[in-house]
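A short write-up of the structure that comes next.
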Amino acid sequence: MAFNEDWDYEYLLEVIRAKLETMERYNRHLSYAANGPYYANQIQCAQKMMDIIKAKGGEKDYEYELEDDWQPKPESFKHYVNMRNRARIPSTNYHGEIFWSEPQRLRFDKAWMLFWKILSERMMTWGD
């Protein structure tokens with residue numbers, strides 16, 4: 001089957017996550033480069049963006065009216081998201097992902113954009 005959990009972007013993120021964890025640990029503790037901790041902080045920021053992406057922008061960060069209720073209240077999203085810069089953040093094709101509120105969707109979009117921006121602009125400097 002071509003479209004299953006092994007071919008989704010989340011599978012690729014797991015592989016990237018494992019490599020970033022190793023690189024972050026090396027740069028923080030073993031690197032002989034003067035900027036090792038600085039690079040480790042950049043890698044750690046990329047990991048945080050990846051965590052937001054994998055959580056679909058905070059899918060479980062809502063309050064529910066009842067314990068049995070499966071649909072959260074959109075206004076109860078726990079994270080602050082600056083909505084004023086929505087026009088600057090490109091929206092990706094979600095392929096059926098469900099977002100309960102616009103702040104959750106924007107948080108996902110920001111994390112997605114920043115994650116790939118960090119990798120495209122900073123990754124070449126992380127090696128010794």
Side-chain angles (χ1 to χ4, degrees):
M1 208 164 136
F3 298 105
N4 60 18
E5 63 274 358
D6 290 338
W7 297 101
D8 198 6
Y9 72 90
E10 292 180 62
Y11 179 73
L12 181 58
L13 287 180
E14 289 293 328
V15 174
I16 294 171
R17 175 67 184 219
K19 180 60 178 173
L20 288 179
E21 286 175 2
T22 305
M23 290 173 67
E24 191 254 333
R25 190 171 45 249
Y26 172 78
N27 279 305
R28 191 167 307 280
H29 301 292
L30 302 172
S31 176
Y32 57 85
N35 292 335
Y38 177 72
Y39 297 147
N41 289 339
Q42 290 177 350
I43 295 168
Q44 190 175 30
C45 183
Q47 291 174 341
K48 288 178 184 177
M49 294 300 111
M50 189 180 303
D51 292 340
I52 293 171
I53 292 167
K54 288 177 58 180
K56 295 180 178 70
E59 183 178 48
K60 295 182 173 57
D61 298 334
Y62 288 94
E63 294 176 5
Y64 293 87
E65 290 194 17
L66 302 171
E67 294 296 323
D68 305 348
D69 195 11
W70 62 271
Q71 191 170 3
K73 298 184 294 185
E75 63 276 359
S76 69
F77 190 59
K78 295 180 181 178
H79 302 283
Y80 170 76
V81 180
N82 183 3
M83 299 297 291
R84 292 175 293 179
N85 60 358
R86 179 61 174 142
R88 293 188 294 148
I89 309 298
S91 188
T92 61
N93 186 356
Y94 303 114
H95 295 292
E97 292 291 340
I98 296 172
F99 295 96
W100 297 111
S101 67
E102 190 58 29
Q104 178 193 355
R105 181 187 313 266
L106 181 58
R107 189 169 187 249
F108 176 86
D109 289 341
K110 284 182 178 183
W112 185 264
M113 183 190 75
L114 288 173
F115 174 70
W116 292 109
K117 190 165 184 68
I118 289 169
L119 289 187
S120 68
E121 293 181 0
R122 309 289 178 160
M123 190 171 62
M124 295 296 286
T125 62
W126 292 342
D128 281 340

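On a predicted model such as this, the values are computed, not experimentally measured, just so you know.
- Rounded to the nearest 0.5 Å, atoms CD (Q44) and NZ (K48) are 5.0 Å apart.
- Distance check: R107 CZ to K56 NZ gives 13.5 Å after rounding to the nearest 0.5 Å.
- Of all heavy-atom pairs spanning L20 and I43, the tightest one is O-CG2, 3.3 Å.
- When the salt bridge (Lys or Arg N to Asp or Glu O under 4.0 Å) test is applied to K117, the partners found at least two apart in sequence or on another chain are E121.
- By the side chain to side chain contact (heavy atoms under 4.5 Å, CB included) test, N82 pairs with Y80, R84, N85, K110, sequence neighbours left out.
- Across every non-hydrogen atom of E24 and A40, the tightest pair is CG-O, 3.5 Å.
- The existence of a salt bridge linking E21 and R17 is confirmed by a sub-4.0 Å separation between a basic side-chain nitrogen and an acidic carboxylate oxygen.
- Here the side chains of P103 and H79 are not in contact, with every heavy-atom distance at 4.5 Å or above.
- Here the side chains of F115 and I16 are in contact, with some heavy-atom distance below 4.5 Å.
- Here the CG atom belonging to N27 is positioned 11.0 Å from the OG1 atom belonging to T22, to the nearest 0.5 angstrom.
- Within a 6.0 Å radius of CE in M83, other residues, nucleotides and ligands contribute more than 12 heavy atoms.
- Note: M123 CE to M23 CE = 7.5 Å, rounded to the nearest 0.5 Å.
- Residues that satisfy the salt bridge (Lys or Arg N to Asp or Glu O under 4.0 Å) test with E102, not counting sequence neighbours, are R86, R105.
- Among all heavy-atom pairs drawn from S31 and G36, the shortest one is OG-CA, 4.1 Å.
- Below 30°, between 30° and 60°, or above 60°: for F108 and W112 the angle between ring planes is below 30°, a parallel geometry.
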- After noting the C-alpha distance and the side-chain angles of I52 and M49, does the key distance pass the side chain to side chain contact (heavy atoms under 4.5 Å, CB included) rule? CA-CA 5 Å; I52 293 171; M49 294 300 111; 4.3 Å; yes

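- Atom CZ of F99 sits about 6.5 Å away from atom CG of D109, to the nearest 0.5 Å.
- Judged purely by atom type and a 3.5 angstrom limit, Q42 has no side-chain atom pairing as donor or acceptor with the backbone of I118.
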